[in-house]
Protein chains: 2
Amino acid sequence: MFKMISFTGKQMEPTMPSFNHNITPLIEHIKTFIPVSEHLVERLQTISEIRTIEKGKFLHKPGRVCHHTYFIVSGLLSVFYKKGEKEVTDNFAAEGEWITSIYSFMKNVPDNCYIETLETSELITIEVNRLEQCFSDFPEMERFGRFLISKYFMEQSERIISLQFHSAKERYDFFTKTSKNKLHRLPLGMLASHLGITQETLSRIRAGN
Amino acid sequence: MFKMISFTGKQMEPTMPSFNHNITPLIEHIKTFIPVSEHLVERLQTISEIRTIEKGKFLHKPGRVCHHTYFIVSGLLSVFYKKGEKEVTDNFAAEGEWITSIYSFMKNVPDNCYIETLETSELITIEVNRLEQCFSDFPEMERFGRFLISKYFMEQSERIISLQFHSAKERYDFFTKTSKNKLHRLPLGMLASHLGITQETLSRIRAGN
DNA sequence: TAGTTTTTTTGATCTGTATCAAAATCATCG
DNA sequence: CGATGATTTTGATACAGATCAAAAAAACTA
């Protein structure tokens with residue numbers, strides 16, 4: 001079902017990791033799930049890189065395999081799909097969250113999503129092969145991976161319930177409660193799309209009918 | 001974030017595991033994700049139990065913490081929530097799939113879902129503490145856990161996309177394609193609810209307008 | 001097998017949200 | 001600035017699917 005990718009030194013080219021970039025936010029994040037040893041910190045330092053991506057750039061586009069996962073130190077990104085001409089926003093992620101195409105990442109196949117920076121963003125990136133090797137070498141990290149994906153799974157469950165039996169207004173209210181930090185940083189159209197409604201409807205909801 | 005539950009012998013009471021029940025379907029399932037050693041088979045044999053539950057019984061009800069995960073050898077179950085008087089079906093699961101309240105299971109808190117047998121079902125059950133201990137003792141099993149939840153995560157992603165921008169008919173057609181094995185075993189109302197529509201609408205869709 | 005209950009279908013009407021169009025507001029930058 | 005383009009709001013209308021009601025069909029049960 002899932003293709004295992006073996007780790008070899010070769011994949012570390014062409015960019016060599018820098019060994020003194022600041023991955024503190026990532027470590028702190030992981031510590032909320034598992035204890036983090038010095039040894040693991042060193043490994044994470046080795047396999048990660050820091051990138052600053054300016055607003056409006058794409059980390060991923062359809063037809064390509066997503067080989068990296070991104071931990072967001074600062075900034076805001078979205079994942080969306082296209083249906084004909086329309087962009088349908090699947091998700092947003094901001095500081096302290098992860099963003100990637102899990103689908104592409106896990107199956108090692110192309111995914112037809114777009115990942116775009118909505119703000120200039122500072123990201124800690126990890127290449128999938130290196131991450132898998134880290135999972136193999138540090139069982140506690142494998143556990144972290146399980147916890148993290150479980151957390152996202154539960155959030156998705158809530159979203160499904162919400163889409164299934166809450167009205168547009170209820171969904172908007174839920175978003176304002178649970179994603180305050182993103183609310184005023186998002187273009188109306190994208191938020192509407194994420195909520196499964198048109199931007200006109202969202203505008204009317206905001207106006208209070 | 002996630003509460004760790006330590007494993008002690010005590011929790012193995014009151015039912016002692018039987019050591020010769022047939023867990024072949026479970027082992028075969030796990031083998032599609034990871035290699036399974038004899039040692040791991042023995043452990044799974046030890047921590048699992050077999051239960052046959054007749055149709056119309058509840059494995060879980062609101063207000064209780066779900067302490068078990070269930071692998072379905074045969075039969076069909078549903079997870080649903082109540083909104084006022086209405087039952088809103090979140091999910092179905094049949095032979096070869098897992099069913100549990102991930103939410104309750106991971107966080108060790110009550111979940112307000114119902115898990116009901118829609119057919120008499122044969123289940124392999126594993127208690128959460130024992131499973132967590134198995135994850136600790138067998139890193140490959142931890143990996144299996146990560147792969148499994150990732151798989152369900154991806155299925156949920158598809159469902160969200162579907163709810164967000166497909167019509168009722170499109171969603172029905174998608175279900176008929178991807179869940180053929182369940183289609184004719186489900187009451188109309190439950191399937192409609194799962195698709196996010198009323199049963200009248202589903203009936204009309206089936207009639208072809 | 002008839003009687004009862006449950007499930008599904010059909011019909012009539014209503015409503016939330018979409019769609020199309022245009023006006024108003026906001027942002028960017030030469 | 002003021003001009004230009006992007007974003008948001010407002011208005012009028014249309015439609016998918018909900019709701020309410022009742023008939024038909026299927027599934028039990030005695």
Side-chain angles (χ1 to χ4, degrees), chain A residues 54-58 76 78 80-89 92 114 116-120 159-176 182-209, chain B residues 54-58 76 78 80-89 92 114 116-120 159-176 182-209:
Chain A
E54 61 183 289
K55 179 178 173 173
K57 299 289 182 200
F58 289 88
L76 181 65
S78 79
F80 64 88
Y81 293 84
K82 281 200 178 172
K83 183 188 191 178
E85 278 308 287
K86 279 190 185 171
E87 295 179 359
V88 179
T89 301
F92 306 110
Y114 296 78
E116 182 183 12
T117 46
L118 303 183
E119 297 173 359
T120 296
R159 178 128 172 263
I160 289 175
I161 300 289
S162 181
L163 285 169
Q164 256 185 325
F165 66 119
H166 292 144
S167 68
K169 170 139 179 46
E170 286 172 320
R171 298 205 296 276
Y172 175 70
D173 289 343
F174 182 77
F175 188 87
T176 58
K182 294 169 200 156
L183 190 59
H184 298 293
R185 297 154 72 182
L186 297 171
L188 184 88
M190 283 191 192
L191 175 53
S193 165
H194 175 69
L195 295 172
I197 56 180
T198 61
Q199 65 174 27
E200 291 96 327
T201 297
L202 179 53
S203 178
R204 282 182 246 263
I205 286 170
R206 276 186 165 168
N209 279 15
Chain B
E54 61 184 290
K55 179 178 174 173
K57 300 288 182 200
F58 290 87
L76 181 64
S78 80
F80 64 89
Y81 294 85
K82 281 200 178 173
K83 184 188 189 176
E85 279 308 288
K86 279 191 185 171
E87 295 180 0
V88 179
T89 301
F92 306 111
Y114 297 78
E116 183 184 12
T117 46
L118 303 183
E119 297 173 358
T120 295
R159 178 129 172 263
I160 289 175
I161 300 288
S162 181
L163 284 168
Q164 256 185 324
F165 67 118
H166 291 145
S167 68
K169 171 142 179 44
E170 286 172 321
R171 298 205 296 275
Y172 174 71
D173 290 342
F174 181 79
F175 188 88
T176 58
K182 294 168 199 157
L183 190 59
H184 297 292
R185 297 156 71 182
L186 298 171
L188 184 86
M190 284 191 192
L191 175 53
S193 164
H194 175 69
L195 295 172
I197 57 180
T198 61
Q199 65 174 26
E200 292 95 328
T201 297
L202 179 53
S203 178
R204 282 182 246 263
I205 286 171
R206 277 186 163 167
N209 280 16

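When reading the values below, keep in mind they use all heavy atoms of this one structure, side chains included, and skip hydrogens, waters and symmetry mates. Naming: A, B, ... by sequence-line order, numbering from 1 per chain.
Closest approach of A:T89 to A:S78, counting heavy atoms only: CG2-CB, 4.5 Å. When all heavy atoms of A:R171 and A:I197 are compared, the closest pair comes out as NH2-CG2, 3.5 Å. Across B:L188 and B:Q199, no two heavy atoms sit closer than the pair CD2-O, 3.6 Å. When every heavy atom of B:L163 is checked against every heavy atom of B:L195, the shortest pair comes out as CD2-O, 3.9 Å.
Within 4.0 Å (heavy atoms only), B:K55 reaches no atom of the nucleic acid at all.
If you take CG of B:L186 and P of C:dT7, they are 13 Å apart, rounded to a whole angstrom. Here the P atom of nucleotide C:dT7 and the CZ atom of B:R206 are 14 Å apart, to the nearest Å. Distance NE2 (B:H184) to P (D:dA26): 15 Å, rounded to an integer number of Å. Per the geometry, CG belonging to A:L188 stands 16 Å off P belonging to C:dT25, to the nearest Å. Between the C1' atom of C:dT9 and the CD1 atom of B:I205 lies a distance of 14 Å, rounded to the nearest Å. Look at CD on B:Q199: it is 9 Å from P on C:dT7, rounded to the nearest Å. Computed from coordinates, the A:L202 CG to C:dT19 C1' distance equals 16 Å when rounded to whole Å. When rounded to the nearest whole Å, the span between CD1 of A:I197 and P of C:dT19 equals 12 Å.
Side-chain proximity of A:T201 to C:dT9, C:dA18, D:dA18: nearest is C:dA18. Here the side chain of A:R204 is nearest to one of D:dA12, C:dT17, D:dC20, namely D:dA12. With distances taken from any side-chain atom of A:S203 to the nucleotides D:dT8, C:dT10, C:dC20, the minimum falls on D:dT8. Nearest to the side-chain atoms of B:A168 among the listed nucleotides D:dT8, C:dA18, D:dG17 stands D:dG17. Nearest to the side chain of B:S167, among C:dA21, D:dG17, C:dT8, sits D:dG17.
Neither OP1 nor OP2 of D:dA18 sits under 4.0 Å from any side-chain N or O of B:K86. For D:dG17, the OP1/OP2 oxygens have no side-chain nitrogen or oxygen of B:T198 closer than 4.0 Å.
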Practice problem: Carefully, step by step, assess B:F92 and B:H194 under the rule ring pair (Phe, Tyr, Trp, His ring centres under 6.0 Å). | Solution: CA-CA 9 Å; B:F92 306 111; B:H194 175 69; 5.1 Å; yes
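Mapping A:E200 and B:P187 onto DNA chain C by nearest heavy atom places B:P187 at the nucleotide closer to the 5' end.
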